[in-house]
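Sequence lines set the chain letters: A, B, ... in the order given, protein chains first and strands last, and positions in each chain run from 1. In what follows, every heavy atom counts, from backbone to side chain, and hydrogens, waters and symmetry copies are set aside. These numbers come from a predicted model, not from an experiment.
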There are 4 protein chains.
Amino acid sequence: MPKQKKQLSTDHQALVDKGVVNAPDSAKGRLLQAAATLFKEKGYERTTVRDLGKAVGIQSGSLFHHYPNKEAILRAVMEETIILNTELMKAALAQTNKPEDKILALIRCELESVLGETGAAMTVLVYEWRSLKEESQLEILKLRDIYENLWIGTLIEAKEAGSVVIDPAVLRRLLTGALSWTVNWYRKEGDLTVEQLAQMALSLAIKPN
Amino acid sequence: MPKQKKQLSTDHQALVDKGVVNAPDSAKGRLLQAAATLFKEKGYERTTVRDLGKAVGIQSGSLFHHYPNKEAILRAVMEETIILNTELMKAALAQTNKPEDKILALIRCELESVLGETGAAMTVLVYEWRSLKEESQLEILKLRDIYENLWIGTLIEAKEAGSVVIDPAVLRRLLTGALSWTVNWYRKEGDLTVEQLAQMALSLAIKPN
Amino acid sequence: MPKQKKQLSTDHQALVDKGVVNAPDSAKGRLLQAAATLFKEKGYERTTVRDLGKAVGIQSGSLFHHYPNKEAILRAVMEETIILNTELMKAALAQTNKPEDKILALIRCELESVLGETGAAMTVLVYEWRSLKEESQLEILKLRDIYENLWIGTLIEAKEAGSVVIDPAVLRRLLTGALSWTVNWYRKEGDLTVEQLAQMALSLAIKPN
Amino acid sequence: MPKQKKQLSTDHQALVDKGVVNAPDSAKGRLLQAAATLFKEKGYERTTVRDLGKAVGIQSGSLFHHYPNKEAILRAVMEETIILNTELMKAALAQTNKPEDKILALIRCELESVLGETGAAMTVLVYEWRSLKEESQLEILKLRDIYENLWIGTLIEAKEAGSVVIDPAVLRRLLTGALSWTVNWYRKEGDLTVEQLAQMALSLAIKPN
DNA sequence: CATGAATGAGCATTCATTCAT
DNA sequence: GATGAATGAATGCTCATTCAT
């Protein structure tokens with residue numbers, strides 16, 4: 001398959017090259033994409049391994065050559081999306097300077113991750129948490145912490161600069177809820193652009209100077 | 001049973017008396033409470049009717065004397081909590097006048113519903129939506145609309161009064177996410193009181209005059 | 001309930017008076033009638049005690065004040081209908097003399113029992129035999145033998161008189177099948193009267209002199 | 001498996017080769033045979049899928065790899081037996097000429113189907129009709145019509161030839177009952193051969209010339 | 001006698017997982 | 001790697017029967 005259907009972002013391609021995440025057009029990559037979509041739509045429990053097999057064109061039994069069990073597929077979906085979005089966020093932060101710009105970049109990134117390509121996987125991350133066994137939860141939590149530290153660091157900077165007034169930890173949590181919930185109501189076809197939405201979210205988070 | 005274990009709020013008791021919701025110490029009421037807790041902790045799919053039976057001290061088969069099937073239990077959990085919280089919110093609104101006070105009252109109510117007694121049921125309402133069959137979803141949606149109209153009406157008032165600057169519909173949705181997400185991080189035992197949290201949420205929502 | 005909806009035949013009333021069968025308008029009688037109808041329509045296994053209760057306007061639990069278990073109801077349906085039809089047949093035989101007339105009387109009686117008032121019960125007798133426990137089967141078999149002896153005796157007479165040519169035992173069995181099967185195709189509303197049908201059946205059974 | 005346990009008739013084997021019916025020694029074939037036997041002995045409702053599984057040496061859950069549900073097994077039992085017996089009857093008719101011989105051939109075939117290898121399945125066809133859902137009933141009815149038309153056509157011929165005197169439709173129905181009922185009393189071990197029985201049945205049906 | 005809540009064993013069906021081919 | 005038949009434990013639900021009221 002020499003031709004790629006869709007051009008990956010430079011950062012995404014770099015992660016594929018490093019072997020950190022699966023190429024979206026590889027067998028595993030397509031499985032994870034299909035799993036994310038099905039898990040989002042029907043829920044993890046209601047999605048059968050037969051559903052997963054059918055979605056990628058193999059028998060359900062063959063899935064177990066790629067992943068040892070169904071839960072491992074859920075975990076991989078979550079891991080890959082956190083890793084990818086952490087990297088995308090790092091790249092976005094690297095191109096900004098002022099605290100307010102940084103916060104806007106983070107909001108944009110998070111909205112993009114929730115409402116764009118990785119949206120299904122991000123939704124799964126939020127809604128199917130309980131379906132992971134504890135051990136897997138701890139593993140994901142480590143990755144989540146790296147991601148969250150990018151946020152917290154930025155908000156603390158902004159607090160020191162005076163553009164954030166409330167406790168950064170609380171603010172981050174309120175924003176987490178506000179932004180992740182968009183998956184339940186935001187429609188790309190509507191009047192509101194993601195950029196406008198990002199600006200609105202920013203206006204809640206900071207006190208204009 | 002002349003003594004009640006726990007004193008219900010006046011509004012709650014009134015709903016029980018009207019037969020709108022089940023008394024929390026009745027057989028059905030205890031079932032719904034247990035169901036909410038289990039559904040929140042393990043998820044609807046992973047909660048078996050045997051789990052439910054055990055939680056209220058009856059055989060699983062006996063559940064079907066009270067509800068025709070498992071989904072009906074989920075639906076009842078959702079319906080009762082919406083109805084109850086709508087009434088509590090109406091009562092709270094009735095005691096305020098200024099738009100800002102009204103918004104604070106709504107935030108308080110919603111936080112209380114998410115973090116207090118009905119917290120488990122509210123979480124179920126958010127996380128188990130997909131497990132309802134479409135027919136039930138429509139039924140709950142009607143109740144949800146009544147609830148949401150209390151919010152939207154108040155935010156529109158506030159916009160006209162100048163204390164809200166962004167589109168009320170978008171603001172409500174951002175707040176919905178921010179407030180419902182608190183269930184995932186807020187701990188009553190911590191330093192932050194619900195009242196403080198409500199104030200912080202209010203500070204995001206409105207522009208101080 | 002001083003007025004009877006339907007006048008019973010003299011023979012039927014006599015059996016009621018003797019306490020051999022239940023009066024059709026008594027509580028037990030109505031239950032048996034309803035049971036026969038339901039067992040015929042849905043089958044014994046698919047008929048629940050709740051169905052039976054609803055059909056006579058009581059709770060399913062109350063049935064067990066009248067009969068010790070569901071199977072006893074089935075057995076009573078069968079017993080009463082055999083006893084009743086045996087008596088009706090005896091009465092019919094008593095009014096005939098010639099072997100051919102006797103056979104016609106028996107055919108008429110059997111068709112009437114299958115296609116008339118007791119039709120549901122007779123069908124149950126044929127189709128739900130396996131649902132009886134062995135002990136009950138033996139009990140019914142005794143009653144069945146009395147009934148069958150009326151037939152066999154008459155056919156032997158006819159054989160001796162020359163109007164029947166094949167073995168009476170085999171003939172009776174072929175007739176049993178032919179007549180009981182009518183429940184599956186004969187319609188009172190159609191062109192064929194029961195009397196015509198009886199004549200046709202007779203024409204198969206005997207060799208005209 | 002180069003050796004067959006039992007030699008199939010040429011006609012039966014031809015149907016297996018065409019894929020119309022399952023080979024009796026295939027997995028599905030053995031299941032259907034076992035199902036017919038159990039359904040006949042205990043009734044469809046009283047036969048559990050565990051019974052069926054045990055009878056063919058697999059777990060009950062594995063049945064659902066072959067048939068989507070229990071009712072489909074019942075339906076397959078009925079369908080296969082009608083198809084098979086229709087073909088056997090066609091073959092028998094093809095070897096006869098005179099109306100009386102044809103009727104005897106039909107009677108022989110039907111007795112053989114009821115009392116021979118497919119006897120259990122034929123009994124199920126008669127006794128478990130109500131356990132099919134309406135849709136399946138209609139499907140079987142189509143097959144039944146093909147079978148019945150062989151009978152009716154032959155009886156009409158015979159009526160025209162003068163050897164049948166009563167209405168062919170009524171005669172067929174009386175014969176259906178008489179012949180299918182044999183399953184309830186005829187024993188191969190007894191004195192009466194199937195051939196003798198067939199001759200007796202023929203003597204009822206026709207008026208000797 | 002009647003009620004109706006509760007029982008508890010049993011049912012058909014589902015489904016992640018295994019494994020011989 | 002892939003297949004697909006088989007497993008076996010678990011699931012939601014049914015239902016005849018019991019029994020305190």
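Applying the 3.5 Å distance criterion, the base of E:dG10 shares no donor-acceptor pair with the side chain of D:Arg50.
Ring-plane geometry between A:Tyr44 and A:Phe39 is classed as perpendicular, the angle between the planes exceeding 60 degrees on a 0 to 90 degree scale with a lower cut at 30.
Using a 4.5 Å heavy-atom threshold, the side chains of B:Glu80 and B:Leu84 count as separate. C:Val126 is not listed as a side-chain neighbour of C:Met122, based on a closest heavy-atom distance of 4.5 Å or more. Side-chain contact between B:Asn22 and B:Val16 is absent, with no heavy atoms from C-beta onward closer than 4.5 Å. In this structure, C:Glu139 and C:Leu143 have side chains that are not in contact, with every pair of non-hydrogen atoms separated by 4.5 Å or more.
At the phosphate of E:dG4, OP1 or OP2 sits under 4.0 Å from a side-chain N or O atom of C:Gln59. Remark: B:Ser62 is not in phosphate contact with E:dA5, judged by side-chain N or O atoms under 4.0 Å from OP1 or OP2.
One N or O on the side chain of B:Glu71 and one on the backbone of B:Lys133 form a donor-acceptor pair closer than 3.5 Å. One N or O on the side chain of B:Arg130 and one on the backbone of A:Lys40 form a donor-acceptor pair closer than 3.5 Å.
C:Thr48 comes within contact range of the sugar-phosphate backbone alone, with a heavy-atom separation under 4.0 Å but no base atom that close.
Listed by residue number, the members of residues 63-79 of chain B with any heavy atom below 4.0 angstrom from DNA chain F are B:Phe64, B:Asn69, B:Lys70. For the segment residues 32-40 of chain D, the set of residues with a heavy atom within less than 4.0 Å of an atom of DNA chain F is empty.
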Does the pair C:Leu32 and C:Tyr67 meet the rule for a side chain to side chain contact (heavy atoms under 4.5 Å, CB included), with working shown?
-> CA-CA 11 Å; C:Leu32 293 185; C:Tyr67 291 96; 3.6 Å; yes

What pattern of brackets, bars and dots sums up DNA chain F from 5' to 3', given Watson-Crick or G-U wobble pairs under 3.5 Å, [ ] for crossing pairs and | for another strand?
-> .||||||||||||||||||||

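Taking the C1' atoms as reference points, F:dT21 lies 13 Å from E:dC1, given to the whole Å.
Toward the 5′ end of DNA chain F lies the nearest nucleotide of A:Gly61, the other residue of the pair A:Gly61 and B:Asp51 mapping further downstream. Judged by closest nucleotide on DNA chain E, C:Ile58 is the one of C:Ile58 and D:Val49 placed further toward the 5' end.
Straight-line distance from the NZ atom of B:Lys54 to the P atom of F:dG12: 13 Å, rounded to whole Å. In this structure, the CG atom of C:Leu31 is 14 Å from the P atom of E:dC1, given to the nearest Å. In this entry the distance linking NZ of A:Lys133 with C1' of E:dA16 reads 14 Å, nearest Å.
Salt bridge annotation for B:Arg75-B:Glu79: present, with a cationic side-chain nitrogen under 4.0 angstrom from a carboxylate oxygen.
Listed here is the closest heavy atom pair of A:Gln137 and A:Leu132: NE2-O, 3.4 Å.
In the displayed structure, C:Lys42 atom NZ is contacted under 6.0 Å by more than 12 heavy atoms of other residues, nucleotides or ligands.
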